[in-house]
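Keep in mind the model is a prediction, meaning the values are calculated, not measured.
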Amino acid sequence: MKKTYKKAVLEALNRTKGIKNEPLTEKDIRHLPAVVQKYLHYSGSMGKEKVSNFRAEFTGGIRSKSSEDFMPLKSVQYNFTDNPTRLFYIVARKKGIPAKGIHLYRNQTAIMLIKIFGLFTVVDARGKEMNQGETVTLFNDMCFMAPASLIDPHIEWKVIDDLTVDAKFTNGNISVSSTLYFNEEGELVNFLSNDRFETVDGKTYKNYPWVTPVTGYTNVNGHRLPSGAKLIYKHPDEDLCYGEFNLKSIEYNCTVFK
C-alpha cells in the first residue's frame, strides 16, 4: 500500500511542480464572508504564498466503538488544490497487531483500503458514498490546514450570523455542504457536515452528522493552525468520538516526496 500511496503522491507532485504561487492579497479574499476574511488574517495566511499543495503529519488515536480504547496512530498526507486530491497513509496498532491503511481521493473518486500485518484486507471501501464522504474530508482539510485555499471559486458561501457560515464545495459532479463555526478571536473552532458517511467495513454506510471540534491552536512555520481535533459522528444515542488527531508538522507547496 505504501508503494501505491507514494506513486500517487509523485504523480501529483509532478503535475504541480510548474505552478507559481503568488502571495495572498486583500483583493483575493474580498469576496469572502467577513468572518472568513478574519480567519485568513488570524491564521497568518495573508501575504504568504497561495497553496497548491501541502504535506501534514499527525499522531493520535482511532477506534470504531466508544467502548473500545483508541488505537495509537501515525499518519501522513498530501493534499493538492489544482485538481482536488487527498492522499492519506496511516499506521495504527491494536493489541500489538499492526494495521496500515490508505485513503486515496483523486478525480472525484475515493478508495479506502486497510490491511492488518500489511497482508490481510479488512476494509476495501469505494463507491458513491466514499466519493462524497472524502469530498467532505478534503474540504475539511482545506478549512483547517490550508485556510488560504478558501478563496477557491468552487466554494459558495452563505452567512448565518457573525460567527457562522454555510459553505457548499463542488468538485466535478460532487457537491457537499457544511457549516463552519468561528469564535470572536477569528479561530475556526468546529465544522459540521451531513454529507459524510460512516462505515467500518466498506460495505455498509450510515449517514450521521459529522463534526470536527478543534482542541486548540498552535504556531507552525508562521501559520496559526489547529493543534488538534476530534472526529465525531453524532449517533441518535451518543456522540461517537472515533478519532483524535494532533498536528505534528505541515509544509506548503512541496516539490519532493518525503
For residues 135-164, the salt bridge (charged side-chain N to carboxylate O under 4.0 Å, His left out) pairs (sequence neighbours left out) are Arg86-Asp141

With sequence neighbours left out, the residues meeting ring pair (Phe, Tyr, Trp, His ring centres under 6.0 Å) with Tyr252 are His223

With sequence neighbours left out, the residues meeting ring pair (Phe, Tyr, Trp, His ring centres under 6.0 Å) with Phe80 are none

| query | Going by heavy atoms in the side chains, are Ser249 and Arg55 under 4.5 Å from each other? | reply | yes

key: Arg106 and Glu11, any side-chain heavy atoms less than 4.5 Å apart   = yes

Looking only at heavy atoms, the pair that brings Tyr205 and Met130 closest together is OH-CG, 3.3 Å

Before accepting this row, confirm whether a basic side-chain N of the pair Lys258/Glu251 lies closer than 4.0 Å to the acidic partner's carboxylate O.
yes

Quiz prompt | Arg196 and Tyr233 side chains, donor-acceptor separation under 3.5 Å | solution = yes

Here the gap from Ser45 atom OG to Asp28 atom CG, rounded to the nearest 0.5 Å, amounts to 11.5 Å

Surrounding CD of Glu184 (heavy atoms of other residues, nucleotides or ligands, distance under 6.0 Å), is the total greater than 12?
no

The complete set of salt bridge (charged side-chain N to carboxylate O under 4.0 Å, His left out) pairs with one or both residues in residues 199-227, sequence neighbours excluded, reads none

For this session: Report yes if some heavy atom in the side chain of Val36 is under 4.5 Å from a heavy atom in the side chain of Phe182; otherwise report no.
Result: yes

Going by chain and number, the hydrophobic cluster around Ile160 (ILVMFWY, side chain to side chain under 4.5 Å) further includes none

Phe70 meets the ring pair (Phe, Tyr, Trp, His ring centres under 6.0 Å) criterion, sequence neighbours left out, with none

Could Asp69 and Arg63 be called an ion pair, given the rule that one side-chain N must be under 4.0 Å from one carboxylate O? no

Discussion item. Taking the side chain as everything from C-beta on, heavy atoms only, tell me whether Lys100 gets closer than 4.5 Å to Ile116.
Written reply: no

- Task: Output yes when Arg126 and Asp124 qualify as a salt bridge under the 4.0 Å nitrogen-oxygen rule, no when they do not.
- Result: yes

Hey, are Tyr42 and Glu185 close enough side-chain-wise for a donor-acceptor pair under 3.5 Å? no

For residues 240-250, the salt bridge (charged side-chain N to carboxylate O under 4.0 Å, His left out) pairs (sequence neighbours left out) are Lys230-Glu244

For this session: State, with a plain yes or no, whether a side-chain heavy atom of Val165 is found less than 4.5 Å away from one of Thr179.
Result: no

Residue set satisfying salt bridge (charged side-chain N to carboxylate O under 4.0 Å, His left out) with Lys48, at least two apart, ordered chain then number -> none

Applying side chain to side chain donor-acceptor pair (under 3.5 Å) to Asn140 and not counting sequence neighbours gives Thr212

Between Ser75 and Phe245, the two heavy atoms sitting closest are OG-CE2, 3.8 Å

Side chain proximity check, Leu247 to Phe58, heavy atoms < 4.5 angstrom = yes

Joining Ile, Leu, Val, Met, Phe, Trp and Tyr whenever any side-chain heavy atoms lie under 4.5 Å apart, the cluster holding Val200 also takes in none

Checklist entry - Heavy-atom distance under 4.5 Å between the side chains of Tyr105 and Asn171, does that happen here? => result yes

Tracing side-chain contacts under 4.5 Å among Ile, Leu, Val, Met, Phe, Trp and Tyr outward from Val189 reaches Tyr181, Leu192, Val211, Ile232

Residues pairing under ring pair (Phe, Tyr, Trp, His ring centres under 6.0 Å) where one sits in residues 149-179, two or more places apart or in two chains, turn out to be Phe139-Phe169

Measure the acute angle between the ring planes of Phe191 and Phe144, then classify it against the limits of 30° and 60° as parallel, tilted or perpendicular.
tilted

